[in-house]
Structure formats: structure tokens, C-alpha cells
2 protein chains.
Amino acid sequence: MTLSRLLVRVFIAKLPVMKNIEEKSKYHHGDLRETLLVVATEMLQESGLKEVSLRKLASRVGVSRTAPYHHFKDKNALLCGIAEKGFEQLHQINKCGSKLEKLSVKERFYRFIHDYIQFANNNPELYELMFGRTIWKDESSTLELRDSAYPCFQFQVAMTQEWQKQGLFNVDDNALRVSQVLWGTVHGIAKLFIDGIYTDNSKIDEICDYAVRLFLTNSKE
Amino acid sequence: MTLSRLLVRVFIAKLPVMKNIEEKSKYHHGDLRETLLVVATEMLQESGLKEVSLRKLASRVGVSRTAPYHHFKDKNALLCGIAEKGFEQLHQINKCGSKLEKLSVKERFYRFIHDYIQFANNNPELYELMFGRTIWKDESSTLELRDSAYPCFQFQVAMTQEWQKQGLFNVDDNALRVSQVLWGTVHGIAKLFIDGIYTDNSKIDEICDYAVRLFLTNSKE
DNA sequence: AAGCTCAAGTTGACACTGTCAAGTTAGCGT
DNA sequence: ACGCTAACTTGACAGTGTCAACTTGAGCTT
């Protein structure tokens with residue numbers, strides 16, 4: 001939080017735009033867009049989605065209320081920008097998990113489910129935003145958001161195909177459909193925890209275990 | 001919508017509070033609480049959660065901005081009131097589905113999954129409210145809400161136990177955990193549709209089929 | 001070097017929100 | 001007939017997203 005903000009400052013310092021090293025009298029901010037994203041993400045994770053307001057954000061960054069509008073069409077576009085980065089993170093996690101070749105397929109499958117729900121639970125507000133209707137319903141998602149989210153979705157289908165090949169699921173089944181059900185399951189469990197309906201976080205691992213078990217009792221591997 | 005509102009009016013007419021049949025000069029509304037719930041539900045289903053504002057609601061009911069505060073502590077309490085009725089509906093659907101004794105267990109299981117997702121899809125805004133963090137997170141749920149939601153949750157565990165007894169799932173497995181995973185799956189799929197991430201509604205049935213298949217390939221029945 | 005352009009930043013304003021405090025109305029039981 | 005009190009009212013406040021109109025200043029052209 002303080003660190004990430006510091007990194008932005010360093011980044012700013014490197015830009016040719018800055019006249020001198022001291023940050024005084026900076027009518028032009030330098031890289032306001034990036035700073036807004038970073039600070040907004042901080043606010044999101046600290047106090048939740050409904051606490052993120054453009055005005056508070058602007059004042060926290062030290063800029064006027066309407067300055068953000070020169071970098072984001074509206075609030076929704078800003079939120080899409082935050083979510084974008086979230087999808088890159090999640091995609092990264094999935095890629096890492098599928099590369100662990102020392103593990104058996106079953107173990108990798110367990111790892112996927114576990115890591116996914118862990119990510120959601122570690123970043124509840126970000127996850128809420130990434131998969132919430134705020135940014136998806138009514139065609140409100142940005143093009144850039146879709147560009148970062150769709151590869152993440154597709155990767156999950158690809159993983160499912162791999163699991164099918166390795167005998168975890170029937171190869172004849174439609175991979176997209178299987179993946180949609182699997183994703184539904186992890187998404188649903190994650191949401192029920194995040195939204196406060198499943199309240200006992202200490203049972204997360206146990207529930208993941210059961211999810212794996214229910215899907216794999218009949219697998220060949 | 002028009003019907004439900006009419007019913008309320010009829011209800012009002014029956015109340016001794018009303019001085020005369022014509023609805024003029026009604027400083028005291030009669031049954032404002034119920035009317036607010038009905039009209040708010042209409043607004044919710046017509047235009048979505050974020051379009052429901054106390055002020056619009058009040059003006060639509062024909063009452064001053066702050067009148068609702070004499071029947072609901074705050075906006076959250078009103079929303080909880082709406083959700084309450086939703087849970088009673090859902091509970092009813094589950095009860096009906098489990099009573100169809102002509103069907104086989106497998107068919108009843110399919111029926112549960114299908115009906116659940118159908119309910120969510122037919123009442124997307126209501127479902128969003130019922131299971132959203134708006135009313136659940138931060139201890140914001142009303143006592144009355146919990147009184148209507150918990151039985152609904154428990155019924156799903158009871159159904160799971162029944163399915164275990166009938167050989168659909170291992171009897172030795174913890175029913176609560178199995179039910180949590182099953183519910184996670186239907187909830188997740190429902191949410192992904194409602195929130196606009198799964199967009200092709202014509203594939204709902206197919207996805208339900210796969211969900212059932214993935215869970216039941218190893219069942220004894 | 002002077003001047004122009006145009007993105008980046010500014011203030012003021014508007015309509016909307018939830019909610020509180022203080023006042024008014026009228027139905028009920030005594 | 002009279003008050004009590006729940007139900008309902010208006011006024012006010014702080015907060016929101018967003019638009020229109022204005023200012024600033026960095027960088028290119030001449």
C-alpha cells in the first residue's frame with residue numbers, strides 16, 4: 001500500500017515531464033492515471049467497493065474532483081481498470097499452478113480449486129468487483145477489461161481439456177460445459193464466503209476437499 | 001405487479017383504519033409497511049437494485065420521503081424485508097420439488113438443480129439481493145431475515161441427507177459439507193448468469209445437465 | 001524566441017442519494 | 001373531552017457522479 005504508492009512516485013520521478021526533483025507546483029501530475037488506479041485499489045481493499053468514491057479518491061491523490069475524468073470516461077471505467085489488473089493476477093496464479101509438473105493431475109486439480117478460492121478470500125473486495133454485475137451487466141464492461149478477462153476464462157477451459165486428457169473427466173464431454181460447471185462451483189463457494197453467507201473461514205480447506213472428492217470419485221487417475 | 005398492488009389496496013380497504021371507501025385524505029396510510037415492500041419489490045424487479053431509492057419509492061407510494069423510516073430502521077432493513085419474502089418463495093419451491101414422489105431420486109436431484117437456477121434466472125434482481133453482501137456482510141442482516149433464510153438453508157442440508165440415504169452420495173460424507181459444495185455449484189452458476197458473465201441463457205439447461213452428470217456418474221442409483 | 005494547440009487540470013453547478021431533527025396530524029383508550 | 005403516541009410531514013445536511021466552462025502550461029511549428 002505505502003510501497004506501491006512509493007513505486008508510483010519513483011515512476012513519476014523518472015518521467016521527463018517532471019521539471020525538477022522536488023514535487024512542488026505540479027499542475028500536471030505526471031502519471032495520474034496509474035496513480036488513480038493504485039490508490040483506488042488501496043481504497044477498495046481497505047474499505048470496500050461502496051467506500052470508493054471518485055471525490056475521496058481525487059482528494060486522496062491530491063487532485064481536483066473532476067481530474068479523473070480526463071483519464072477515465074466515468075466511474076465505471078475506473079472500476080474496470082482495477083478489475084483488469086485483478087484478472088491479470090488471477091491468470092498468473094492459474095498459469096503457475098498448472099505448471100507444477102512434479103504433482104499428479106489430481107493434486108494439480110486440487111491445487112487449482114484451492115488456489116482459486118484462496119485468491120478470492122485474500123482479495124474479497126477485488127474479487128467482488130471482478131465478477132460483480134457492477135462492471136459486467138448492461139454491456140458496461142470496457143473493451144480493455146474484456147481483453148484481460150477473456151484469456152483468463154479461456155485458460156480455465158484449456159485446463160479442463162488437459163484434465164480430460166489425463167483422465168480426470170470424460171474426454172467425450174464438452175470441455176466448455178464441464179469447465180463452466182467447475183468454475184461455477186469454485187465461484188459459488190468463493191462468493192458464499194465473501195458475501196458473508198458461509199461465515200466460518202476455517203472450513204474453507206475442508207469444503208475444497210469435498211468439492212474435489214465429489215468431482216473425482218469416478219476418475220480413472 | 002399491478003395485480004399485487006391491487007391486492008394490497010383490497011387489503012387496505014378491509015382494514016378498520018380506513019374511514020371511508022374512497023381513498024381521499026389518508027394522512028394515515030393504512031398499511032404502509034406492506035405497501036412499501038410490495039412496491040419496492042416491483043421497483044427492484046423492474047429496474048434493478050441500484051435503482052431502488054427510498055425517495056423514489058416514497059413518492060411512488062404517494063408518501064413523504066421519510067415516512068418509510070417509521071416502518072424500517074433504514075434502507076437496509078427494507079431490503080432485508082424484501083429478501084425475506086424471497087427466501088420464503090425459494091423455500092417453497094424446494095419443498096415442492098422434494099415432494100414429487102413419482103420421480104426417481106436422480107430425477108428429483110436434477111429437478112432441484114434446475115428449479116434453483118430457474119428461480120434465480122426468473123428473479124435475477126431479487127436473487128442478487130437475497131444472496132448479496134449488501135444485506136449479509138458486516139452483520140447487517142435483520143433478525144427476521146435470518147429467521148426466514150436459515151430454515152431455507154437447513155432444508156437444503158436435509159435434502160442432501162435424503163439424497164445420501166437414497167444412494168446418490170456417500171452416506172459417510174459430512175452432509176453439511178456435501179450440501180455446501182452442491183449449493184456452491186448452483187449458486188455459482190446462477191450468479192455467473194445473473195451477473196452477465198455467462199451470457200447465453202439458452203445454455204442453462206445444458207449446463208444443469210452437466211452439473212448433474214459430474215456429480216452423479218458414480219452414484220449407485 | 002514567439003506563438004499556437006490541446007491535453008490536463010481547475011471551479012461552479014445540478015440533480016440525486018440516505019438520514020437526522022423538529023414539527024404536525026389524527027386515531028385510540030381513558 | 002382529552003391527551004398519548006404512532007404515523008406522517010417539512011427542512012436541512014453531507015455526500016455522491018457528472019456536466020459545462022474556464023485556466024494552465026508543455027511541446028511543436030514557424
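All figures in this text were calculated on a predicted structure; none of them were measured in a lab. Just so we're on the same page: letters track the sequence lines, and every chain starts at 1.
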*Presence of salt bridge, B:Arg177 and A:Asp209, under 4.0 angstrom*: no

_Given C:dG9, D:dC19, C:dT19, the nucleotide with the shortest approach to the side chain of A:Leu32_ = C:dG9

*asked:* Categorize A:Ser53 for me: base, sugar-phosphate, or nothing, with a 4.0 angstrom heavy-atom threshold over every strand shown.
replied: sugar-phosphate

*Expressed in angstrom and rounded to an integer, what is the separation of A:Lys75 atom NZ from C:dC16 atom C1'?*
14 Å

*Report the nucleotide, chosen from D:dA7, C:dG9, C:dG12, that has the shortest atom-to-atom distance to any side-chain atom of A:Arg65.*
C:dG12

*To the nearest angstrom, how far is A:Leu54 atom CG from C:dG9 atom P?*
15 Å

*For the residue pair B:Phe215 and B:Tyr210, is the inter-centroid distance of their aromatic rings smaller than 6.0 Å?*
no

*Is A:Lys85 paired with A:Glu34 through a side-chain N to carboxylate O contact shorter than 4.0 Å?*
yes

*asked:* When the axes are fitted on five pairs at both termini, how much does the helix from C:dA1-D:dT30 to C:dT30-D:dA1 curve, in 10° steps?
replied: 10°

*Residue of the set A:Glu42, A:Arg65, A:Met43 for which side chain to side chain contact (heavy atoms under 4.5 Å, CB included) holds with A:Leu57*: A:Met43

*Residue whose nearest DNA chain D nucleotide is more 5′ - A:Glu51 or A:Lys73*: A:Glu51

*Contact nearer the 5' end of DNA chain C, comparing A:Ala67 with A:Arg55*: A:Ala67

*Just checking A:Lys56: base, sugar-phosphate only, or nothing, at a heavy-atom cut-off of under 4.0 Å?*
sugar-phosphate

*Figure out the CE/C1' separation between A:Met43 and D:dT16, and round it to whole Å.*
12 Å

*asked:* With a 6.0 Å cut-off on the ring centroids, do A:Tyr110 and A:His114 count as close?
replied: yes

*Please state whether the rings of B:Tyr116 and B:Tyr127 are parallel, tilted or perpendicular, taking 30° and 60° as the class boundaries.*
perpendicular

*Could you tell me the separation between the CG atom of A:Leu57 and the C1' atom of D:dG17, rounded to a whole number of Å?*
13 Å

*Distance, rounded to the nearest Å, where A:Leu36 contributes CG and C:dG9 contributes C1'*: 12 Å

*Which of these nucleotides, C:dT10, D:dC8, C:dT19, is closest to any side-chain atom of B:His70?*
D:dC8

*Figure out the CG/C1' separation between A:Asn76 and D:dT18, and round it to whole Å.*
14 Å

*Integer-rounded Å distance: C:dA8 P and A:Glu34 CD*: 15 Å

*Among the candidates D:dT18, C:dG9, D:dC8, find the nucleotide nearest to the side-chain atoms of B:Ser64.*
D:dC8

*Decide yes or no on salt bridge (charged side-chain N to carboxylate O under 4.0 Å, His left out) for A:Glu125 and B:Arg133, but give the supporting numbers first.*
CA-CA 11 Å; A:Glu125 303 290 344; B:Arg133 67 188 348 210; 2.8 Å; yes

*What's the CZ-P distance between A:Phe72 and C:dG9, to the nearest Å?*
12 Å

*asked:* Taking the minimum atom-to-atom distance to the side chain of A:Thr66, which one of D:dA20, D:dT9, D:dG17 wins?
replied: D:dA20

_Distance flag, aromatic centroids of B:Tyr198 and A:Trp183, threshold under 6.0 Å_ = yes

*asked:* Quick check: on DNA chain D, is the nucleotide nearest B:Val63 upstream (toward 5') of the one nearest A:Asp74, or the reverse? Name the residue that is more 5'.
replied: B:Val63

